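None of these values were measured; they are calculated from a predicted model. Indexing begins at 1, ligand by ligand and atom by atom, following the structure's order.
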Amino acid sequence: MATEPVSYATNIKPLFHERDRDSMTFAFDLWSYDDVSDNADVILRRLSAGTMPCYGAWPPDNVDLFKRWVEGGKQP
Ligand code: HEM
């Protein structure tokens, strides 16, 4: 449901594949709640612009989920 709180562990972390994580370790760890929280603004900007991941933009529903996670206070 659209009103259910979005959680990093349940909803967000599974969106980041091993390839994503391995490619981005130079900047942050996409499988780390702290790292993704600290970099949420720049991550959301890239996801919304469709310039990350490098192999193709996320479907809009996934970008929207990430946005709702940020707006919902980045629940663990
Ligand atoms: C959902 C997965 C991914 C997210 C959320 C993501 C996010 C980001 C963000 C936020 C930056 C800017 C970092 C900064 O300015 O500090 C970045 C840069 C970069 N990412 Fe990703 N990334 C993802 C997947 C990938 C993949 C699969 C590759 C493939 C090789 C990749 C390659 C790069 C490279 C080379 C840069 C540096 C050059 C640039 O800023 O465009 N990323 N990414």
Q.
How far is atom 5 (C) of ligand 1 from the closest protein heavy atom, and which atom is that?
A. Ile43 CG2, 3.6 Å
Q) Nearest to atom 29 (C) of ligand 1, what protein heavy atom do you find, and at what distance? A) Cys54 SG, 2.3 Å
Q. Which residue owns the protein heavy atom closest to atom 13 (C) of ligand 1, what's the atom, and how far is it?
A. Phe28 CE2, 4.3 Å
Q) Of the protein's non-hydrogen atoms, which lies at the shortest distance from atom 14 (C) of ligand 1, and what is that distance? A) Val42 CG2, 4.6 Å
Q. Are Lys67 and Leu44 close enough that some pair of their side-chain heavy atoms sits under 4.5 Å apart?
A. yes
Q. Quick one: does Phe66's side chain get under 4.5 Å of Asn62's, heavy atoms only?
A. no
Q.
What I'd like to find out is whether the side chain of Val36 reaches to under 4.5 Å of the side chain of Trp31, using heavy atoms alone.
A. no
(Q) Is it the case that the side chain of Asp64 and the backbone of Pro60 share a donor-acceptor pair, with hydrogens and angles ignored and the cut-off at 3.5 Å? (A) no
**Q.** The one among Arg19, Arg45, Arg46 that brings a heavy atom closest to atom 41 (O) of ligand 1
**A.** Arg46
Q) Do you see a protein non-hydrogen atom under 4.0 Å from atom 38 (C) of ligand 1? A) no
Q. Between Lys74 and Trp69, is any pair of side-chain heavy atoms under 4.5 Å apart?
A. yes
Q: Give the residue and atom name of whichever protein heavy atom lies nearest to atom 16 (O) of ligand 1, and the separation in Å to one decimal.
A: Ala27 CB, 4.5 Å
Q. What are the atoms of ligand 1, with element, lying closer than 4.0 Å to any heavy atom of Tyr55?
A. 27 (C)
Q: For Ser23, counting its heavy atoms only, list the atoms of ligand 1 lying under 4.0 Å from any of them.
A: 26 (C), 27 (C), 28 (C), 29 (C), 30 (C), 31 (C)
Q) Do Tyr55 and Phe26 sit in the same hydrophobic cluster, where Ile, Leu, Val, Met, Phe, Trp and Tyr count as joined when their side-chain heavy atoms come under 4.5 Å apart? A) no
Q. Is atom 35 (C) of ligand 1 less than 4.0 angstrom from some protein heavy atom?
A. no
Q. Is it the side chain, the backbone, both or neither of Phe66 that has a heavy atom closer than 4.0 Å to ligand 1?
A. neither
Q | Trp58 side-chain N/O to Pro53 backbone N/O, donor-acceptor pair under 3.5 Å | A | no
Q. Would a 4.5 Å heavy-atom cut-off, applied to side chains only, mark Phe16 and Met24 as touching?
A. no
**Q.** Heavy-atom nearest neighbour in the protein, as seen from atom 3 (C) of ligand 1, with distance rounded to 0.1 Å
**A.** Leu30 CD1, 3.9 Å
Q) Quick one: does Leu30's side chain get under 4.5 Å of Thr25's, heavy atoms only? A) no
Q | Metal-centred angle, atom 21 (Fe) of ligand 1 as apex - SD of Met24, SD of Met52, 10° resolution | A | 170°
Q.
Under a 4.0 angstrom heavy-atom cut-off, which atoms of ligand 1 come close to Trp58?
A. 1 (C)
